[in-house]
S.K.: 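Take a look at the following structure, please.
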Amino acid sequence: MKAYFRQSMAWLHTWGCLVAGWLLFFIFLLGTATVFHIEISRWMQPERPLDAPPMQPVDRATALAHALDYLEQHAAGQSRWDIYLPHERHRHRQEKRALLAVGWRGDLRGQADLDPHTGAEVPRLAVRDTEGGRAFLELHSELHYLGEGLGKRIVAAAALLGLLGLVTGVIVHKKIFQDFFTFRPGKGQRSWLDAHNVAGVMALPFFVMIIYSGLVYFDRESLPAPVAVAYGTSQGAVGRYYTELLHREQRHLPVQRPKAPLMAMVEQAERTLGTGEVGQITITHPAGQPLQVRMRRPYGSELPRHETPETEFRFDAATGALLTTPALGPGIRLRFVMLTLHDGWFARPMLLWLYVLSGLLGCFMIATGMVLWVVKRRDRHARRGDAPWGVELVARLNVGMLAGLLLGMAAFFWANRLLPVGLEGRAAWEIHGLFAVWLVAIVYGLLRPEKRAWVEVLSLAALAFGLVPLLNALTTDRHLGVTLPAGDGGLAGFDLSMLALALLLGAAAWRLRRKWFGAAMRRNTP
Amino acid sequence: MSKFKSPDARHRWSVASRVLAAALGGYALASALAVLLGLLLPLARAQAVSLGMDLGFLLYVPILLWTFHTRSAARAWGWLLLWSGAATLLAWWLVKGSAA
């Protein structure tokens with residue numbers, strides 16, 4: 001019975017993962033890129049300035065007064081005002097971290113950057129039309145060309161198969177291991193298995209976390225029944241659910257300038273949060289409550305993604321008295337912790353790189369799994385003397401689906417630099433570029449001899465990534481010669497990552513070439 | 001007819017049937033259990049619903065394991081339909097009771 005259980009789990013692992021493998025590779029690879037989507041967006045808009053120099057001290061009381069003046073003038077009658085004080089840790093504001101920013105929501109929605117010393121509005125830059133790093137976020141979570149709803153559900157189904165793959169993988173791991181040493185010590189197959197297992201085990205907790213939190217991300221979309229039963233299916237039902245879940249008031253009154261001084265509230269909040277920690281201030285007026293001011297650290301500074309009594313201070317705007325922030329319920333707490341872990345926004349650079357590394361290990365685990373599927377079946381059928389077309393098809397599709405996607409990503413960056421800035425629908429064309437090159441690579445993999453195709457597509461991808469910094473230097477003045485001396489870690493990091501990726505893929509291509517064609521090469525040289 | 005009765009073909013049909021049972025019956029059961037959790041967890045409504053959905057994913061995994069492990073596709077279909085039916089009825093009764 002126990003052996004039979006392992007067997008059925010191995011079957012499930014093999015076929016469940018085969019079905020979802022290429023899609024999971026796409027989701028993992030693009031998801032890995034999204035770790036640095038903010039930096040990617042900056043790189044893709046080279047019109048933006050270099051990273052701001054170290055913060056100069058700002059008189060925050062003056063800055064706050066400027067912000068309120070601006071909001072009173074431009075956002076009167078809106079239901080929410082946001083103020084972002086200059087702060088080094090506003091990662092999402094990037095090179096604008098040294099500026100004061102205001103935003104508003106209600107009938108209108110808008111935002112503006114202000115000089116924190118004078119309150120003068122900083123004019124918006126004309127930048128090229130691009131989705132930037134957000135493109136990876138979207139493709140990774142809802143695919144493309146399918147509509148958002150269907151895309152999200154397909155991604156969720158793949159994620160569920162991925163989770164199933166992890167569980168069944170752990171169950172069969174030991175038995176497979178024994179099988180190998182006992183029955184089939186074919187070296188090629190065993191090394192693929194070892195690679196697959198090492199990658200899978202090394203970052204197993206990360207994989208479980210990232211896939212489960214990914215499912216939680218769009219829980220209502222992929223499992224709609226609970227909300228439908230509890231709230232009905234009428235138009236406002238989903239909105240009612242989220243309002244209740246987040247303890248939010250449904251109705252908000254227009255906000256106005258607080259009577260009590262904001263700086264005193266900042267100082268009071270910072271007695272707990274630490275001096276200079278307040279980064280974001282929000283003014284709202286929920287129906288039935290006083291006009292209130294909320295103070296938080298810069299967005300992404302702490303683990304929970306949304307307001308909790310530990311991370312947010314609320315004040316009565318009229319008196320400056322401290323109000324209590326209601327504790328969140330367990331459902332939303334689980335959700336927020338999962339979303340925060342998934343996004344990794346709380347992470348500082350070292351941890352972000354660990355996310356990237358784990359993500360790449362995930363890609364490697366999936367890719368080796370797909371190759372292993374082929375190698376194993378080929379071995380088995382070679383002994384019987386047949387070669388089923390299904391195995392050959394997967395073998396050939398692997399080239400384009402895996403290596404070809406990398407080439408497509410490189411094409412996306414190339415398109416960003418090469419498409420004319422004034423092109424109609426430019427942002428969409430960058431993404432079409434990714435898919436077009438990917439498709440060509442898939443077809444190429446189907447037509448060429450398999451081993452040649454692997455070496456060629458990998459080499460081409462290495463070349464395409466390796467030339468990105470050069471292309472960048474030829475088309476912009478945001479290249480390594482400028483970004484490195486200026487100490488702009490984000491932009492320089494992008495170009496250097498391209499080179500690192502090129503080296504990695506180049507090394508893979510070179511090794512395969514030597515292994516498969518090495519003998520032929522030696523024979524040809526006299 | 002003999003084509004459908006060969007052991008190979010029968011195996012294929014049984015696998016296809018199990019895949020359908022996992023996708024449809026398994027999803028129905030996970031979904032019904034998530035609904036039940038949303039109704040039964042002793043929390044505020046929205047919190048229970050949210051937890052129900054997020055735990056629902058975790059329930060779906062063992063359901064899938066069982067579907068592919070149990071002896072026959074017919075058994076998988078039978079139990080999945082029985083349990084989803086029971087969970088749905090219970091949910092319906094709970095909703096009706098709270099509405100009355």
Side-chain angles (χ1 to χ4, degrees), chain A residues 1 4-13 15-16 19 156-157 159-168 171 208 211-232 240-248 328-338, chain B residues 11-12 14-16 18-19 22-23 26-73 76 84 87-88 90-96 98-99:
Chain A
M1 194 64 201
Y4 172 65
F5 179 63
R6 282 258 172 77
Q7 238 174 17
S8 62
M9 291 301 105
W11 186 92
L12 192 53
H13 183 81
W15 296 97
V19 168
L160 193 75
L161 284 172
L163 197 57
L164 190 68
L166 290 177
V167 174
T168 51
I171 294 173
V208 173
I211 295 185
Y212 178 64
S213 56
L215 282 167
V216 168
Y217 228 105
F218 297 117
D219 53 5
R220 189 189 52 78
E221 285 86 344
S222 36
L223 212 53
V227 173
V229 169
Y231 292 84
R240 276 207 309 284
Y241 160 64
Y242 281 118
T243 308
E244 233 178 89
L245 184 67
L246 295 159
H247 307 287
R248 290 212 173 119
L328 294 174
I332 189 63
R333 274 215 304 269
L334 173 73
R335 182 171 167 77
F336 278 155
V337 167
M338 283 301 147
Chain B
H11 175 69
R12 271 178 211 165
S14 141
V15 169
R18 255 183 230 253
V19 170
Y27 180 82
L29 179 54
S31 196
L33 290 175
V35 168
L36 268 187
L37 281 173
L39 294 170
L40 289 176
L41 285 175
L43 298 166
R45 179 170 65 161
Q47 304 302 326
V49 166
S50 178
L51 264 186
M53 287 189 293
D54 296 347
L55 295 176
F57 294 119
L58 296 183
L59 295 174
Y60 198 3
V61 172
I63 292 172
L64 288 172
L65 295 187
W66 176 84
T67 307
F68 284 93
H69 176 64
T70 193
R71 255 176 293 136
S72 69
S84 345
T88 309
L90 182 57
W92 177 77
W93 179 74
L94 284 168
V95 170
K96 211 175 148 249
S98 68

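In what follows, chains carry the letters A, B, and so on, assigned in the order in which the sequence lines appear, proteins first and then strands, with residues in each chain numbered from 1.
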S.K.: Is A/Thr243 close to chain B through its backbone or its side chain, or both, or neither, when contacts mean heavy atoms under 4.5 Å?
M.R.: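 Contact with chain B is absent: no heavy atom of A/Thr243 under 4.5 Å.
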S.K.: Can you see whether A/Tyr231 has B/Arg45 sitting over its ring - NZ or CZ less than 6.0 Å from the centre and within 45° of the normal?
M.R.: yes
S.K.: To the nearest 0.5 Å, what is the distance between CZ (B/Arg18) and OG (A/Ser8)?
M.R.: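 Here the interatomic distance stands at 8.0 Å.
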S.K.: Below 4.5 Å, heavy-atom pairs only: which of A/Val229, A/Leu223, A/Thr168 has the largest tally toward chain B?
M.R.: A/Leu223
S.K.: If the test is side chain to side chain contact (heavy atoms under 4.5 Å, CB included), which one of A/Leu245, A/Leu334, A/Val216 qualifies with B/Ser50?
M.R.: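 Passing option: A/Leu245.
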S.K.: Counting only non-hydrogen atoms closer than 4.5 Å, does A/Leu12 touch chain B with its backbone (N, CA, C, O), its side chain (CB onward), both, or neither?
M.R.: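 For A/Leu12, the side chain is the part near chain B, not the backbone.
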S.K.: If I measure from the heavy atoms of chain A, does B/Thr67 come under 4.5 Å with its side chain, its backbone, both, or neither?
M.R.: neither
S.K.: Side chain from CB out, backbone as N, CA, C, O: work out which of these in B/Leu64 comes under 4.5 Å of a heavy atom of chain A, or both, or neither.
M.R.: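 For B/Leu64, backbone and side chain are both near chain A.
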S.K.: Please report the closest heavy-atom contact between A/Gly331 and B/Leu51, naming both atoms and the distance.
M.R.: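 It is CA-CG, 3.7 Å.
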S.K.: Quick check on A/Trp11 against chain B: is it the side chain, the backbone, both or neither that has a heavy atom closer than 4.5 Å?
M.R.: side chain
S.K.: Counting only non-hydrogen atoms closer than 4.5 Å, does A/Tyr212 touch chain B with its backbone (N, CA, C, O), its side chain (CB onward), both, or neither?
M.R.: side chain
S.K.: Which donor-acceptor pairs under 3.5 Å do the side chains of residues 53-62 of chain B make with protein atoms, sequence neighbours left out?
M.R.:
from    : atom 1 : to      : atom 2 : distance (Å)
B/Tyr60 : OH     : B/Ala22 : O      : 3.0
B/Tyr60 : OH     : B/Tyr27 : N      : 3.4

S.K.: With a 4.5 angstrom heavy-atom cut-off, which part of A/Arg240 approaches chain B: side chain, backbone, both or neither?
M.R.: neither
S.K.: May I have all residue pairs that pass salt bridge (charged side-chain N to carboxylate O under 4.0 Å, His left out) and include part of residues 30-39 of chain B, sequence neighbours excluded?
M.R.: none
S.K.: Give, as side chain, backbone, both or neither, the part of A/Leu160 having an atom under 4.5 angstrom from any heavy atom of chain B.
M.R.: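 Only the side chain of A/Leu160 comes within 4.5 Å of chain B.
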S.K.: Heavy-atom cut-off 4.5 Å, strictly under: side chain, backbone, both or neither for B/Ala34 against chain A?
M.R.: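 Contact with chain A: backbone and side chain both.
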